[in-house]
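Here's the structure we're looking at; comments come further down.
Computed from a predicted model, the values in this text were never measured in an experiment.
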Amino acid sequence: MYNYIVGKIANQTSNYIVIDNHGIGYQVFVANPYAYTIDQEYKVYLYNQIREDENSLYGFKTEEEKELFLRLINVKGLGPKVALPMFATGSVNGIIDAIDRENVLYLTKFPKVGDKLARQIILDLKG
């Protein structure tokens with residue numbers, strides 16, 4: 001299991017960044033790839049998802065983002081590809097506050113999060 005990686009951003013696309021660490025380029029899916037600058041060094045906290053047909057790295061700027069992401073993907077019906085975009089437009093504190101206040105409207109503003117999933121997030125993560 002990986003915790004973090006330190007390296008320079010070698011490339012970025014609309015979905016991921018490539019971090020060069022000692023000559024190896026790691027493709028890391030992030031919420032907002034354009035928040036990273038090419039040729040600048042970053043410490044990116046990682047979650048490694050290994051599935052039967054997939055081995056993907058998801059990256060975060062802070063440990064708090066990573067921890068909330070891990071909690072979110074444990075919600076029934078909420079996988080990494082739905083949870084990651086929540087960090088592009090929402091802050092950790094905003095998401096936690098919405099959960100604590102049972103603010104379904106705030107949670108449904110994220111892509112692919114409907115009323116039912118928002119209520120499941122609140123049910124599973126409140127408190």
Side-chain angles (χ1 to χ4, degrees):
M1 164 104 64
Y2 301 111
N3 189 0
Y4 65 86
I5 187 170
V6 177
K8 287 188 178 183
I9 304 304
N11 193 15
Q12 60 192 174
T13 70
S14 61
N15 297 328
Y16 62 85
I17 57 175
V18 176
I19 301 174
D20 183 313
N21 177 274
H22 299 290
I24 299 173
Y26 294 88
Q27 179 178 310
V28 181
F29 293 96
V30 293
N32 184 4
Y34 301 108
Y36 298 84
T37 305
I38 291 181
D39 289 330
Q40 188 169 344
E41 187 170 278
Y42 290 91
K43 181 177 190 178
V44 179
Y45 296 91
L46 299 173
Y47 167 71
N48 187 15
Q49 180 184 43
I50 300 173
R51 300 278 173 154
E52 193 174 289
D53 60 344
E54 175 184 2
N55 185 357
S56 300
L57 292 173
Y58 294 88
F60 310 91
K61 283 196 168 192
T62 66
E63 287 183 277
E64 292 78 20
E65 283 183 355
K66 178 182 173 183
E67 291 303 316
L68 180 56
F69 175 84
L70 293 175
R71 290 178 58 205
L72 285 168
I73 63 172
N74 282 317
V75 172
K76 181 181 175 188
L78 184 65
K81 291 180 180 165
V82 175
L84 189 64
M86 294 175 77
F87 296 96
T89 56
S91 68
V92 170
N93 291 336
I95 296 168
I96 291 171
D97 185 58
I99 293 168
D100 289 342
R101 293 177 185 256
E102 299 183 20
N103 188 344
V104 173
L105 188 61
Y106 180 88
L107 295 173
T108 57
K109 78 175 187 173
F110 299 115
K112 299 182 184 177
V113 178
D115 190 66
K116 183 177 178 181
L117 184 53
R119 292 185 190 285
Q120 187 67 45
I121 292 168
I122 292 167
L123 180 67
D124 288 359
L125 299 183
K126 187 173 179 190

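- In plain terms, the two heavy atoms of Val104 and Arg119 that are nearest each other are CG2-NH1, 3.7 Å.
- The line from CG of Asn15 to NZ of Lys81 is 9.5 Å long, rounded to the nearest 0.5 Å.
- With rounding to the nearest 0.5 Å, the separation of CG in Asn55 from CD in Gln27 is 10.5 Å.
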Listing, residues 85-99 side-chain donor-acceptor contacts under 3.5 Å, not counting sequence neighbours, or none:
{"residue": "Ser91", "atom": "OG", "partner": "Gly94", "partner atom": "N", "Å": "2.9"}
{"residue": "Asp97", "atom": "OD1", "partner": "Arg101", "partner atom": "NE", "Å": "2.8"}
{"residue": "Asp97", "atom": "OD2", "partner": "Arg101", "partner atom": "NE", "Å": "3.2"}

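- Pro33 approaches Ser14 most closely through the heavy-atom pair CG-O, 3.6 Å.
- Annotation for Gly25 and Val18: closest pair CA-CG1, 3.9 Å, computed over non-hydrogen atoms.
- With Ile17 as the fixed residue, the side chain to side chain contact (heavy atoms under 4.5 Å, CB included) test singles out one of Asn32, Ile9, Asn11: Ile9.
- A distance of 12.5 Å separates CD1 in Ile19 from CD1 in Ile24, rounded to the nearest 0.5 Å.
- Qualifying ring pair (Phe, Tyr, Trp, His ring centres under 6.0 Å) partners for Phe29, counting only residues two or more places apart in sequence or in other chains: Tyr16, Tyr58.
- For the pair Asn74/Asp124, no side-chain contact is recorded, criterion being any heavy-atom separation below 4.5 Å from C-beta on.
- Linking Ile, Leu, Val, Met, Phe, Trp and Tyr residues whenever their side-chain heavy atoms come within less than 4.5 Å leaves Leu123 and Leu70 in two separate clusters.
- Within a 6.0 Å sphere centred on NZ of Lys61, other residues, nucleotides and ligands contribute more than 12 heavy atoms.
- Heavy atoms from other residues, nucleotides or ligands lying under 6.0 Å from OH of Tyr34 number more than 12.
- Interatomic distance, Tyr26 OH to Leu57 CG, rounded to the nearest 0.5 Å: 8.5 Å.
- For the pair Lys76 and Gln120, the tightest heavy-atom approach, listed with the atom from each and the gap, is O-CG, 3.9 Å.
- Taking each heavy atom of Ile73 and Ala83 in turn, the nearest pair found is CG2-CB, 3.9 Å.
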Sequence neighbours left out, cut at 3.5 Å: what donor-acceptor pairs do the side chains of residues 36-52 make with other protein atoms?
{"residue": "Tyr42", "atom": "OH", "partner": "Thr37", "partner atom": "N", "Å": "3.0"}

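- Note that CG of Asn21 and CD1 of Ile5 are 4.0 Å apart. Values are rounded to the nearest 0.5 Å.
- If you chain together hydrophobic residues whose side chains sit under 4.5 Å apart, Leu68 and Leu84 fall into the same group.
- Residue-environment remark: NZ (Lys112) stays at or below the threshold of 12 foreign heavy atoms within 6.0 Å.
- Taking both residues in full, the closest heavy atoms of Asn3 and Lys66 are given as OD1-NZ, 3.2 Å, listed atom of the first, atom of the second, then distance.
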With side chain to side chain contact (heavy atoms under 4.5 Å, CB included) as the test, would you mind laying out the steps for Val82 and Leu117 before giving the verdict?
CA-CA 11 Å; Val82 175; Leu117 184 53; 4.3 Å; yes
